[in-house]
Number of protein chains: 2
Amino acid sequence: MRPTVHHVAEEAGVSLATVDRVLNRRPGVRAKTVTRVNEAIAKLGYVRDISAANLAKQRVYNLVFIIPEGPNSFMLGLESELGQAKLYSALERINLDILKVRAFDSDALANVLDGLDLTQISGVALVATESHRVQGALARLRQANIPVVTLVSDVSAAHRDHYVGIDNVAAGRTAASLMGRFVGHKPGKIALLAGSMLVRDHVERRIGFEQVISAEFPELDCLTVQEGRDDAMVTRSVLADFLGREPGIVGLYSIGAGNRGVIDVLTSKPEYGSIAVVAHELTEHSKRALREGVFDAVINQDAGHEVRSAIRLLKASIDETQVIAKQEIIRIEIYIRDNLP
Amino acid sequence: MRPTVHHVAEEAGVSLATVDRVLNRRPGVRAKTVTRVNEAIAKLGYVRDISAANLAKQRVYNLVFIIPEGPNSFMLGLESELGQAKLYSALERINLDILKVRAFDSDALANVLDGLDLTQISGVALVATESHRVQGALARLRQANIPVVTLVSDVSAAHRDHYVGIDNVAAGRTAASLMGRFVGHKPGKIALLAGSMLVRDHVERRIGFEQVISAEFPELDCLTVQEGRDDAMVTRSVLADFLGREPGIVGLYSIGAGNRGVIDVLTSKPEYGSIAVVAHELTEHSKRALREGVFDAVINQDAGHEVRSAIRLLKASIDETQVIAKQEIIRIEIYIRDNLP
DNA sequence: CAAAAATTGCTTTACGTACCTCAGTAACCT
DNA sequence: AGGTTACTGAGGTACGTAAAGCAATTTTTG
């Protein structure tokens with residue numbers, strides 16, 4: 001039998017009300033008594049029964065997720081995972097509100113953050129674009145004791161409680177190792193294609209990528225980064241242009257989203273078939289590209305895992321409970337044709 | 001506000017007791033009334049409050065995990081994850097019992113299964129070795145309405161409710177694709193090292209591996225499978241012998257456990273440094289081997305994820321609730337030096 | 001030392017579900 | 001019609017915790 005508050009009260013020689021005050025940090029208990037109660041808790045190994053507490057509290061967790069709008073598949077995937085999560089989390093008294101802001105627009109993000117009614121909100125998760133205004137808005141949230149989790153794209157550690165996402169430098173390094181091996185120590189040029197060099201995660205991936213290429217595959221030469229704004233149309237024209245201009249390209253690293261455009265260009269000319277391609281984010285398009293041999297590897301972070309992890313972390317912060325650290329690590333997943341889920 | 005049993009009772013025009021009888025499948029309700037109640041449930045979108053139900057039920061879930069003993073790192077990892085899970089799951093009224101049987105011994109497994117007191121058990125997870133006796137024992141469990149989940153190694157689908165683990169044929173294919181690319185289309189021989197060809201998962205991995213090698217890398221030649229019994233000592237002598245005997249080996253696929261032995265042999269002679277190595281299971285040893293360039297890639301299944309998934313699946317079976325399907329898919333993880341967790 | 005303030009105890013109600021008893025009603029069969 | 005069976009209702013207690021009000025006690029303060 002697990003000990004209950006009653007046992008704790010008895011053990012500490014105080015009343016149930018006092019135990020309750022201690023447990024819920026309510027005022028009106030002498031420090032000495034608090035200690036006695038805590039000792040009793042430790043001695044009995046008392047752990048609060050979450051089911052019962054939730055029942056009594058009638059608490060609802062109002063979690064706000066802020067994600068960029070725009071038609072790129074990864075964010076659409078994130079949104080659909082959020083929709084899924086919304087269904088299941090209703091069973092656990094969790095309310096998910098999903099807000100969208102313009103991509104790459106930190107002012108819009110700051111506006112949304114400033115507009116939140118802090119009395120109605122128990123936790124916030126956001127895909128961050130960093131700026132002073134955003135930092136200020138986050139500081140205000142944390143001052144109000146509202147936990148903040150960054151998703152996919154981080155801000156500096158001082159402005160959030162957790163980051164849920166991958167180490168993008170390591171992701172870039174991973175891409176480079178794969179690229180180097182797929183090309184197979186033949187000299188040649190590598191094309192880099194990002195969404196925007198203003199986004200921290202893309203910058204970091206590039207850094208990691210070039211680190212490894214220059215250190216371990218010096219026969220490969222990284223060209224200037226092209227920007228496709230994470231948009232299939234833009235990507236298509238930028239990349240078609242670039243490949244036409246630059247002869248001797250043996251590899252392509254697609255750092256951001258907009259895979260559809262990349263696939264279109266690569267399948268447009270047979271001679272592009274020999275280019276080794278490493279891209280990011282597993283979507284229906286990139287899966288197909290892997291199956292058909294257009295892409296050689298895709299680096300992915302699991303959006304569903306990220307959403308669930310963010311929810312667990314926010315809830316744990318609110319309840320002041322522990323999380324299983326290992327479960328919250330987001331993997332840098334490598335997919336090739338053969339290990340697709 | 002979420003609807004409660006009271007609302008359902010009112011909506012259906014019956015008493016609370018009747019709703020309760022319907023919900024908990026107790027006898028003594030006319031079919032017509034059952035329908036009325038179910039319609040009310042559907043109309044209101046009533047969902048049982050799990051917290052409250054657990055509290056009232058005072059139910060404890062007694063889950064039994066049966067895993068092979070033996071000193072290989074993967075199983076030790078599984079065990080440690082089970083230990084972890086045991087701590088956390090106590091909070092959710094889940095009791096984990098961990099039983100060990102001799103590895104590769106289906107009779108011992110059947111004995112353990114037959115020895116279970118079915119009245120005391122709510123669910124079973126096991127690392128299966130298949131045999132008629134095991135099948136019979138599993139059938140008995142399922143007849144007693146006890147959900148069965150296989151872990152890491154499967155039996156035929158008729159004898160369990162779920163399989164928690166990876167598709168081992170696909171894992172073998174993945175290993176082969178990586179191997180072929182790492183070797184880089186130079187002709188040569190590939191050494192295969194398994195634990196035992198009596199274990200289904202090892203057989204399947206080999207099949208997948210040879211499929212891809214023969215179809216896409218015909219310049220590579222797979223040699224006879226060597227068996228190391230998933231034991232570092234045995235592996236060491238078997239492999240050292242084999243590599244000494246066979247010249248021209250360019251790649252090694254280590255299908256099972258016993259990585260320590262593999263690493264010892266590979267680092268024993270400098271000329272082995274050029275062999276491309278793909279192994280299974282991420283452990284401290286294999287991580288170090290990746291960092292130091294002894295291994296080129298490791299295929300992994302996340303033991304922690306598997307344990308948590310098995311628990312969730314068993315609990316969902318017992319409670320007759322839904323699971324989030326995507327969350328329960330065990331990935332075929334690829335690790336290289338750069339994406340180690 | 002008395003008054004004020006702080007601390008503690010006692011008791012009750014509530015959360016939503018499970019499960020029990022007992023009484024009552026309806027339907028069915030002979 | 002009478003009896004039997006099958007269903008249904010009413011009401012209660014329980015689970016462990018939260019949260020409140022108010023009384024009683026102790027401690028602090030002037």
Side-chain angles (χ1 to χ4, degrees), chain A residues 1-41 44-61 90-95 122 318-321, chain B residues 1-41 44-61 90-94 122 315 318-321:
Chain A
M1 259 297 290
R2 267 171 67 177
T4 73
V5 270
H6 298 272
H7 301 124
V8 174
E10 202 175 345
E11 175 70 31
V14 299
S15 81
L16 217 132
T18 301
V19 175
D20 183 65
R21 289 182 185 114
V22 173
L23 280 174
N24 296 291
R25 302 231 179 77
R26 271 188 271 277
V29 187
R30 256 180 310 174
K32 203 189 295 179
T33 316
V34 173
T35 314
R36 265 223 320 283
V37 171
N38 281 328
E39 280 168 1
I41 289 176
L44 297 178
Y46 167 81
V47 187
R48 193 194 301 244
D49 184 316
I50 306 167
S51 294
N54 282 340
L55 184 59
K57 263 205 284 252
Q58 282 291 90
R59 154 166 243 164
V60 287
Y61 303 86
L91 303 181
E92 303 168 48
R93 302 197 161 75
I94 296 174
N95 226 317
S122 21
I318 295 164
D319 291 342
E320 304 184 36
T321 56
Chain B
M1 258 298 290
R2 267 172 66 179
T4 74
V5 271
H6 297 273
H7 301 124
V8 174
E10 202 176 344
E11 176 70 32
V14 300
S15 80
L16 218 134
T18 301
V19 174
D20 183 66
R21 289 180 185 115
V22 173
L23 279 175
N24 296 292
R25 302 230 179 80
R26 273 187 271 276
V29 186
R30 254 181 310 173
K32 204 188 295 179
T33 317
V34 173
T35 312
R36 265 224 319 283
V37 172
N38 282 329
E39 279 168 2
I41 289 176
L44 296 179
Y46 167 80
V47 187
R48 195 193 300 245
D49 183 318
I50 306 167
S51 291
N54 282 339
L55 184 60
K57 265 205 283 252
Q58 284 291 90
R59 155 167 242 166
V60 287
Y61 302 86
L91 303 180
E92 303 168 47
R93 300 199 162 73
I94 296 175
S122 20
K315 188 156 182 292
I318 295 165
D319 291 342
E320 305 185 34
T321 56

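Note that the structure is a prediction, hence the values are computed from the model and not measured. Below, chain A is the first sequence line, B the second, and so on; all start at residue 1.
Atom-to-atom, CZ of B/R30 to P of D/dT5 comes out at 18 Å; the value is rounded to the nearest Å. Following rounding to the nearest Å, A/R25 (CZ) and D/dA19 (P) show an atom-to-atom distance of 13 Å. The interatomic distance linking B/D319 (CG) with C/dA18 (P) rounds to 10 Å, in whole Å. Per the geometry, CZ belonging to B/R59 stands 11 Å off P belonging to C/dA18, to the nearest Å. Separating the CD1 atom of B/I50 from the C1' atom of C/dA18 is a distance of 15 Å, rounded to the nearest angstrom. One interatomic measurement links the two molecules: CG of A/D20 to P of C/dC10, which rounds to 15 Å at whole-angstrom precision. Going from atom NZ of B/K57 over to atom P of C/dA18 covers 5 Å, rounded to whole Å.
Side-chain contact between A/H7 and A/V19 is absent, with no heavy atoms from C-beta onward closer than 4.5 Å.
Listed nucleotides: D/dA18, C/dA18, D/dG16. Nearest to the side chain of A/A53: D/dA18. Side chain of B/L23, nearest nucleotide from D/dA19, D/dC7, C/dA18: C/dA18. The side chain of B/R26 has C/dA18 as its nearest neighbour among D/dA18, C/dA18, D/dT17.
When all heavy atoms of A/L55 and A/R93 are compared, the pair lying nearest together is CD1-NH2, 4.3 Å. What you find for B/K315 and B/I94 is that their closest heavy atoms are CD-CD1, 3.6 Å.
Here the side chain of B/R36 pairs a donor or acceptor atom with the backbone of B/A12 at under 3.5 angstrom.
Remark on DNA chain D: of its neighbouring residues A/N54 and B/R21, the 5'-side contact belongs to B/R21, judged by nearest-heavy-atom nucleotide. If A/R36 and A/L55 are placed on DNA chain C by their nearest nucleotide, the residue sitting closer to the 5' end is A/R36. Mapping A/N24 and B/V29 onto DNA chain D by nearest heavy atom places B/V29 closer to the 5' end of the strand.
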- Given B/D49 and B/T4, is the side-chain contact (heavy atoms from CB on, under 4.5 Å) satisfied, shown in steps? CA-CA 8 Å; B/D49 183 318; B/T4 74; over 6 Å; no
- Please step through side-chain contact (heavy atoms from CB on, under 4.5 Å) for the pair A/R48 and A/N24, ending with a clear verdict. CA-CA 11 Å; A/R48 193 194 301 244; A/N24 296 291; 3.1 Å; yes
- Task: Run the numbers on A/R21 and A/T33 for side-chain contact (heavy atoms from CB on, under 4.5 Å), then give the verdict.
- Result: CA-CA 11 Å; A/R21 289 182 185 114; A/T33 316; over 6 Å; no
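When heavy atoms are screened at a 4.0 angstrom cut-off, B/D49 is found touching the sugar-phosphate backbone but no base atom. A/R48 comes within 4.0 angstrom of the backbone, heavy atoms only, and of no base.
Listed by residue number, the members of residues 9-19 of chain B with any heavy atom below 4.0 angstrom from DNA chain D are B/G13, B/V14, B/S15, B/A17, B/T18.
Between B/Q58 and D/dG16, a side-chain N or O to OP1/OP2 separation shorter than 4.0 Å is present.
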